[in-house]
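Chain identifiers are assigned alphabetically (A, B, ...) following the order of the sequence lines, protein sequences preceding nucleic acid strands; residue numbering begins at 1 within each chain. What you see is a predicted model; the values in this text were computed from it and never measured.
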Amino acid sequence: MTPPIPDPVSVRRRLLRWYDRNARDLPWRYKKGDPPDPYRVWLSEIMLQQTTVAAVKGYFDDFTTRWPAVGDLAKAELNDVLHAWQGLGYYARARNLHKCAQAIAGERAGRFPDTEPELKALPGIGDYTAAAIAAIAFDRRATPVDANIERVTARLFALGDTLPKGRKKISERASLLTPKNRPGDFAQALMDLGAGVCTPKAPDCSACPLTPECLAAGQGEAERYPVKVAKAARPVRYGMVFWAVQGDGRVLLRQRPEKGLLGGMTEFPSTDWRKQIWSSAEAAKQAPVKGRWRRLDGVVRHTFTHFHLELTVLTAEVAIKREPEGALWSKPSGFSDHALPTVMKKIADHASRNVPGYSS
DNA sequence: TACTCGTGGGA
DNA sequence: TTCCCAAGAGT
């Protein structure tokens with residue numbers, strides 16, 4: 001015989017009771033009785049996209065201190081926002097964050113819309129984030145489906161369709177669970193549960209308030225859900241970075257194009273990042289300035305979402321007659337004034353240990 | 001639809 | 001070491 005389908009009423013009651021005792025204390029969560037601040041809810045949701053709570057906390061504190069309200073963020077320079085975002089990754093989020101703040105401050109008198117369609121029309125806000133803000137900040141009956149809620153729901157209903165194809169069905173089931181009362185708490189409860197109990201590996205079903213309703217747990221196979229298609233292997237790409245130093249110790253930097261990988265961030269100039277290894281001589285043809293390029297020992301490795309990168313550093317002391325396009329010279333002690341992504345910080349660290357006569 | 005887009009932590 | 005994974009969005 002088939003087990004009964006999980007009962008939404010029971011799931012809601014069990015989960016919210018659990019949440020009242022076990023909710024995590026997070027910087028962006030308002031205290032009971034306080035009205036939620038849509039700005040803080042929005043900011044946290046953008047930062048948390050594909051990013052762990054631990055990674056976000058420090059950035060959230062920094063942003064809310066520097067820019068306490070959406071109007072403050074709207075008035076900031078994009079470069080300052082990118083700089084503050086440095087290290088958090090997915091830099092299009094920072095550009096869209098700034099754009100969204102300006103739309104809110106400029107066209108909506110600083111007030112966030114409170115419905116999913118209006119929210120979704122704003123830059124950087126998609127299905128998930130629109131539903132999350134509507135539920136958490138505005139108490140709307142909306143169903144955000146992130147990876148946690150997707151996993152919990154797939155297990156609860158033992159949905160074995162492979163992702164990403166099976167997403168729609170999971171999302172539909174999830175929306176059946178959402179209560180009219182406390183929809184924001186319910187969503188956050190599911191996320192806390194997914195993060196701490198109903199984990200991807202080795203879920204702790206004995207500690208889960210939903211185990212009595214959970215079809216996957218009933219099968220003793222919670223970990224099997226959701227079923228995902230295997231990801232393609234990450235290829236390796238190679239590049240050569242030019243560490244050009246002037247006599248006074250300043251190093252050449254430049255700004256990356258606005259779109260694409262690390263868009264708008266600052267970098268040390270380099271060749272293309274391609275599938276073939278570079279020879280020093282071949283790479284030198286792409287150098288931004290003339291110089292006697294010498295190859296440093298060792299490589300800098302960095303992994304992006306869809307490829308591994310291996311960078312080799314070429315150094316030269318240069319005397320500049322004509323400035324390269326978009327040139328930006330800075331002593332290492334001034335690097336912190338620039339929005340350097342993590343991969344470029346690795347380059348700077350590598351150079352500091354290996355460039356002869358390196359001085360900060 | 002299927003890519004692109006960062007980074008760090010944990011198994 | 002390597003792989004998986006994370007409060008997804010844009011194109």
Nearest to the [X] side chain among [options], which nucleotide is it?
X: A/Y90; options: B/dT7, C/dC5, B/dG6; answer: B/dG6
X: A/W28; options: C/dA7, B/dC5, B/dG6; answer: C/dA7
X: A/M191; options: B/dT4, B/dG6, C/dA7; answer: C/dA7
X: A/Q49; options: C/dC5, C/dG8, C/dA7; answer: C/dG8
X: A/L261; options: B/dT7, C/dA7, B/dC5; answer: B/dC5
X: A/R151; options: C/dA7, C/dA9, C/dA6; answer: C/dA6

By a strict heavy-atom criterion of less than 4.0 Å, which residues belonging to residues 152-167 of chain A are in contact with DNA chain C?
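Correct list: empty, so none.
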Side chain to side chain contact (heavy atoms under 4.5 Å, CB included), that's the test. Do A/T162 and A/K228 meet it? Break it down for me.
CA-CA 5 Å; A/T162 57; A/K228 297 186 177 182; over 6 Å; no
If you link I, L, V, M, F, W and Y whenever their side-chain heavy atoms are under 4.5 Å apart, who else ends up in the same group as A/W278?
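Hydrophobic cluster check, A/W278: joined to A/V236, A/Y238, A/M240, A/F242, A/L252, A/I277, A/V289, A/W293, A/L314, A/V318, A/I320, A/W329.
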NA contact type, [X], heavy-atom cut-off 4.0 Å: base, sugar-phosphate, or nothing?
X: A/L88; answer: base
X: A/W42; answer: nothing
X: A/G260; answer: sugar-phosphate
X: A/L262; answer: sugar-phosphate
X: A/P144; answer: nothing
X: A/R24; answer: base
X: A/A147; answer: sugar-phosphate
X: A/T51; answer: base
X: A/L97; answer: nothing
X: A/G194; answer: nothing
X: A/S44; answer: nothing

Between A/Q255 (side chain) and A/G264 (backbone), is there a donor-acceptor pair under 3.5 Å?
yes
Without swapping roles, check the side chain of A/R250 against the backbone of A/S330 for a donor-acceptor pair under 3.5 Å.
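Side chain of A/R250 to backbone of A/S330, a donor-acceptor pair under 3.5 Å: no, none is there.
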Within residues 174-185 of chain A, find the residues that approach DNA chain B with a heavy atom at under 4.0 Å, and present them sorted by residue number.
none
Between A/M265 and A/I46, is there shared hydrophobic-cluster membership here, with clusters defined by ILVMFWY side-chain heavy atoms closer than 4.5 Å?
yes
Is A/R93 near enough to C/dG10 that one of its side-chain N or O atoms lies under 4.0 angstrom from OP1 or OP2?
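For A/R93, the contact criterion (side-chain N or O under 4.0 Å from OP1 or OP2 of C/dG10) is not met.
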B/dT7 phosphate, OP1 or OP2: any side-chain N/O from A/T342 under 4.0 angstrom?
yes
Check step by step if salt bridge (charged side-chain N to carboxylate O under 4.0 Å, His left out) holds for A/K345 and A/E267.
CA-CA 9 Å; A/K345 286 188 171 182; A/E267 68 173 359; over 6 Å; no
Flag the pair A/H306 / A/F304 as yes when their ring centroid distance falls below 6.0 Å, and as no otherwise.
no
Ring centres of A/F63 and A/W85 under 6.0 Å apart?
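Yes.
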DNA chain C: 5'-proximal contact among A/L48 and A/K259 (nearest heavy atom):
A/L48
Interatomic distance, A/L82 CG vs B/dT7 C1' [rounded to whole Å]:
16 Å
Round to a whole Å and report the spacing from NZ of A/K120 to P of C/dG8.
16 Å
